[in-house]
Amino acid sequence: MKYLRKFILSFVSSTLVTLLIATAVLSILNNTVTNRVVVKSWFNQSGLYDNFVNEITSTTTKQSRSNPAEALISKTTIQEVANSAFKPDFIKSSLETALDGTYNWLEGKTPDLQIRLDFSNPKNVFAEQLAKRVTATATQLPVCTSANFSQPFDVFSATCIPPNVNIPVLASEFRQSILTNKDFLPISTITASDIMVDSNGTKKPISEAYQNLPTWYRRATFLVWISAFFTVLAMFGVVYLADSKRKGLWRISGALYFVASSIALTSFIGRKLAFSDTGMATNSSTGLFENLNLIVPFLRRAVIDLSTWGYKFAIGYAVVAIILTVTLLLTRKKHQQEPNIDKYTPNNPKEKSIEVEKESDTTNNPLEIKSGQK
């Protein structure tokens, strides 16, 4: 029976560690990922809406350089046009609408995932304004009088325009190259069905691949309370199964120290990776952009918030563990000085009965009576 008790105690102690970690993780997720307001703040703080124009500028500049037959438009010109075509307020409104659609689906407010990002009009405006810049610049150039002009022809750096260059065609070709660029918004209108993920080796829309995700999402909000309840229950179990209450409390404090240090270490590593150049380096699989220059700052912001909450729980667990440790140490002498029930006490009925027996023996002793009479 003794060994069975120790085995159950060891199992409950291990379960307590798991429950402490689960409670912390679920609480952190409920305060961050499952909160649409927090996620929207990650987009704002990551500078995604402003960096969107920078990504467009970088992508379009590279695309124009890969087509030497077309005008090599300058980065400054592209940035000016992109700022006028892709307004940060428009990008913010579009992404937050898509975010609300995602959370409405997860929360069960809508039966299907409803996302629609329509960049067709800004993209057309962007391409049209760039074509106008090409036309305006080429029109101001004089016709070259000799055949010695630079190849490839760059309308923005040339001093003259070759006689055989058709300006409207040049502008039209450049406009078309922007609209058909596979690296720059290949899908102008993005819906939920366009977001494909791998499921059992096949590509499926996210709502189809993860049909049970809304159900688990809603359950997650209650799992944290269930986990917290069983954590308290496990603590009582450790105290009850231990050889003494003090030993049980020592086990609980040890579990708290271990979980606190584990969460703190994980948060520290996550934060370090978030700020390292290689920790967040990856390539885009969505086809929306050439790389994840827009997503990495968002992920970095998310990891920072998650690690901050991790530190909060680590500190909270550590404080509880320290309080338990200090309490146990301060009451150690008092515990050691507690009287043993087997020792004599005035209220001990066994000792009292012995005294009565002694008195009775003394009274009935004839020798003592004679001595008293003398």
Side-chain angles (χ1 to χ4, degrees), residues 29-60 81-129 178-179 181 183-197 203-218 220-221 284-306:
L29 293 178
N30 279 349
N31 284 282
T32 53
V33 177
T34 62
N35 190 330
R36 69 176 72 190
V37 176
V38 173
V39 175
K40 287 180 181 179
S41 71
W42 292 346
F43 280 108
N44 283 320
Q45 296 171 9
S46 65
L48 183 144
Y49 307 124
D50 296 325
N51 292 333
F52 190 88
V53 172
N54 294 332
E55 179 66 15
I56 291 173
T57 302
S58 176
T59 303
T60 309
V81 175
N83 283 327
S84 62
F86 293 91
K87 301 289 186 182
D89 291 341
F90 168 78
I91 303 301
K92 180 179 179 179
S93 176
S94 299
L95 292 181
E96 288 190 351
T97 300
L99 194 64
D100 287 331
T102 302
Y103 277 99
N104 290 338
W105 172 61
L106 292 173
E107 294 169 1
K109 296 178 180 179
T110 56
D112 299 314
L113 179 60
Q114 298 178 357
I115 295 178
R116 183 178 177 82
L117 295 171
D118 190 355
F119 295 104
S120 56
N121 184 58
K123 184 176 180 179
N124 288 331
V125 172
F126 178 68
E128 188 65 34
Q129 289 188 9
I178 297 298
L179 295 176
N181 185 0
D183 295 325
F184 169 58
L185 292 177
I187 305 175
S188 299
T189 303
I190 305 169
T191 62
S193 59
D194 296 319
I195 305 176
M196 308 294 288
V197 295
K203 292 283 187 178
K204 293 182 180 180
I206 188 171
S207 57
E208 181 180 342
Y210 302 106
Q211 296 178 3
N212 297 326
L213 187 59
T215 301
W216 286 106
Y217 175 87
R218 292 190 293 272
T221 58
S284 172
S285 59
T286 60
L288 297 179
F289 299 97
E290 184 181 26
N291 51 48
L292 291 180
N293 291 335
L294 296 178
I295 303 300
V296 168
F298 168 80
L299 295 177
R300 181 175 287 118
R301 186 66 256 176
V303 171
I304 290 172
D305 268 14
L306 290 170

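With values rounded to the nearest 0.5 angstrom, Phe126 atom CZ is found 10.0 Å from Leu179 atom CG. The OH atom of Tyr210 sits 15.0 Å away from atom CH2 of Trp216, with the distance rounded to the nearest 0.5 Å. With rounding to the nearest 0.5 Å, the separation of CG in Asn124 from CZ in Phe119 is 13.5 Å. To the nearest 0.5 Å, atoms CG (Leu306) and OG1 (Thr32) are separated by 4.5 Å. Atom CD in Gln211 sits 12.5 Å away from atom CD1 in Ile206 (nearest 0.5 Å). To the nearest 0.5 Å, the span separating CG on Asp100 from CZ on Arg36 amounts to 5.0 Å.
Proximity of a side-chain donor or acceptor of Ser94 to a complementary backbone N or O of Leu117 within less than 3.5 Å is not detected. Side-chain N or O atoms of Ser93 include none that pairs as donor or acceptor with a backbone N or O of Asp89 at under 3.5 Å. Between the side chain of Tyr217 and the main chain of Gly108, no donor-acceptor pair closer than 3.5 Å is present.
The heavy-atom pair separating Leu113 from Gly101 by the smallest distance is CD1-O, 4.1 Å. Minimum heavy-atom separation, Lys204 to Glu208: CD-OE2, 4.0 Å. The nearest pair of heavy atoms linking Asn30 to Asn35 is O-CB, 4.3 Å. What you find for Phe90 and Asp118 is that their closest heavy atoms are CZ-O, 3.3 Å. Taking both residues in full, the closest heavy atoms of Asn44 and Glu96 are given as ND2-OE2, 4.3 Å, listed atom of the first, atom of the second, then distance.
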Candidate pair Arg218 and Thr215, rule side chain to side chain contact (heavy atoms under 4.5 Å, CB included), full reasoning: CA-CA 5 Å; Arg218 292 190 293 272; Thr215 301; 3.9 Å; yes
Does the pair Thr97 and Arg116 meet the rule for a side chain to side chain contact (heavy atoms under 4.5 Å, CB included), with working shown? CA-CA 8 Å; Thr97 300; Arg116 183 178 177 82; over 6 Å; no
Checking Gln114 against Asn104 for the side chain to side chain contact (heavy atoms under 4.5 Å, CB included) test, could you report, in this order, the C-alpha distance in whole Å, the side-chain angles of both residues, the deciding distance, and whether it holds? CA-CA 8 Å; Gln114 298 178 357; Asn104 290 338; over 6 Å; no
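Between Ile304 and Arg301 there is a side-chain heavy-atom pair separated by less than 4.5 Å. Between Trp105 and Ile115 the shortest side-chain heavy-atom distance does not fall below 4.5 Å.
Relative orientation of the Phe43 and Phe298 rings is parallel, given thresholds of 30° and 60° on the angle between their planes.
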